[in-house]
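Here's the structure, in structure tokens; my notes come after.
Side chains are part of it too, since the values below use all heavy atoms of this structure and drop only hydrogens, waters and symmetry mates. Within every chain, numbering begins at 1; the chains are lettered A, B, ... in the order of the sequence lines, protein sequences first and strands thereafter. Source: prediction; values computed, not measured.
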There are 2 protein chains.
Amino acid sequence: MFNYAYPHPALTVDIVIYTLRNAELKLLLIKRGGQPYKGKWALPGGFVQMDEGLEEAARRELEEETGVSGVYLEQLYTFGEPGRDPRERVVTVAWYALIPSDQIHIRAASDAEAVGWFGVDELPELAFDHSQIVQMAHKRLVAKLDYSTLAFQFMPSEFTLTQLQQVYETILQQEMDKRNFRKWVLALEAIEETGHKQREGQHRPAKLYRVKNPGRVDVIK
Amino acid sequence: MFNYAYPHPALTVDIVIYTLRNAELKLLLIKRGGQPYKGKWALPGGFVQMDEGLEEAARRELEEETGVSGVYLEQLYTFGEPGRDPRERVVTVAWYALIPSDQIHIRAASDAEAVGWFGVDELPELAFDHSQIVQMAHKRLVAKLDYSTLAFQFMPSEFTLTQLQQVYETILQQEMDKRNFRKWVLALEAIEETGHKQREGQHRPAKLYRVKNPGRVDVIK
DNA sequence: TTCGTTAGTGTATTAAGTACACTTAAATGT
DNA sequence: ACATTTAAGTGTACTTAATACACTAACGAA
């Protein structure tokens, strides 16, 4: 039992985990096994331990659900309306993570819950205020493509310019001109040729590129 | 006494309250009367009540310390490193507020604490991790001037273009060309002439403008 | 060697941002 | 009334970034 002179809310982290698969933006959901919202899909998350920081808690949950670590993770917003959880006052610090498309051979889940990747346009009804969280995450993601190098966080260690362009086109939901895109992205000086080529399909092989500073997201303009 | 099966952190809100005075960006600090960090300056803030939302709590604290309400308030970030408060685990949801320069005839403070406006370049040593919070708030503020109409939140109901330019110059710490600034800001179509003029000093009177959507902050470009 | 497919490239046009200096309208002092 | 001081107000040329647009190159398969 833990006693306090004043009431304390419970504190959780929830994570919107994005990846790109089949030219579609997907996010990870977990089917709730217990009440409330039993059987509904929800964002992965859980309680913050007393001896861990908030980002640390988010990375722990991320690793537990997907097995991945070291990926891009950013705090999104903190949600704490009274009544957002019917049991007790729960405040959640929401985060979003981007997983490169080559790291999704992750184990399904740590515990026995049902886990699934959902296209952002085919989301089921979500538990709690999680659809509000997802909505805000998507807005942030789209906005950041415009003024940062965030999109590179989706790329595998080597990738073609066409693949990179598809990432932008998928998330922004608009087609782009190939020549203009290449001119623009190369002018950023954030990627470089690896010297390798990707030979696949009956056509000219594509040059492979890598991100110069893989972990880093820079503001551009 | 309040009992929980699992330990809960305490939850606070802290607010970076900005205003502009004498062509200087200032923020409000409160001298701590009790331990820890007794006598040190700190951001205004306090515990979140169990029946109020997070923004509600921030607005309550803002109103208690400054008497102002209805001003621009935005969530900044949530800080929750274990050990940031020596007494117990305290997680704080940090906000920042912008107060128009004509609303600073506010009452000094609700309680007996010492309260003061400090220029952002002349801040004293701060309690807790508050200097980290201030640093992040300043970064956000500067960034948002570039891609939103945030700066208008500092303006009184009627203002001259020169005053508006000074707001940008003060916060961005760089001089701007008068003609280019006017061309740019008028092209935003976010402000309009009031028809009034400001006569003061031995020079040509300036046209007064107002913000078209006073509460609103739009992303530009 | 022809066909199918995706990779890769340049130029002209338009829009936005930057650099830069004089005139105007008022108040003050003689 | 006139000259002086002060900040308000205005336009144009130049530079840079964004856009529109179509063909050639390199490979695999038949």
Min side-chain heavy-atom separation B:Tyr209-B:Lys207 under 4.5 Å = yes

Between D:dA7 (P) and B:Phe159 (CZ): distance, integer Å = 21 Å

Taking CG from B:Leu208 and C1' from C:dA26, how many angstroms apart are they, rounded to a whole number?
-> 15 Å

Separation of C:dA27 P from B:Lys197 NZ (nearest whole Å) = 12 Å

In 5'-to-3' order, the base (B), backbone-only (S) or no-contact (-) status of each nucleotide in nucleotides 9-17 of chain C, using a 4.0 angstrom heavy-atom cut-off, is BBB------

B:Gln198 CD - C:dA25 P separation (whole Å) | 18 Å

Is a donor on one side and an acceptor on the other found under 3.5 Å between the side chain of A:Gln165 and the backbone of A:Met176?
-> yes

For the base of D:dT5, is there a side-chain donor-acceptor partner from B:Gln202 under 3.5 Å away?
-> yes

Quick check: does any side chain N or O of A:His196 sit under 3.5 Å from a backbone N or O of A:Glu193, one acting as donor and the other as acceptor?
-> no

Taking A:Gln153 for its side chain and A:Pro214 for its backbone only, find out whether a donor-acceptor pair lies under 3.5 Å.
-> yes

May I have the distance from B:Phe181 (atom CZ) to C:dA19 (atom P), rounded to whole angstrom?
-> 16 Å

Okay, side chain of B:Ser148, backbone of B:Leu150: is any donor-acceptor separation there less than 3.5 Å?
-> yes

Atom NE2 of B:His203 and atom P of C:dT23 are separated, to the nearest Å, by 20 Å

Whole angstrom value for the distance that separates P of D:dA17 from OH of A:Tyr147 = 21 Å

Look at the side chain of A:Asp177 and the backbone N and O of A:Asn180, then say whether any donor-acceptor pair between them is shorter than 3.5 Å.
-> yes

For B:Arg199 and D:dA7, what is the distance between atoms CZ and C1' respectively, to the nearest whole Å?
-> 15 Å

Hey, is the side chain of B:Thr162 poking within less than 4.0 Å of OP1 or OP2 on D:dA8, counting only N and O atoms?
-> yes

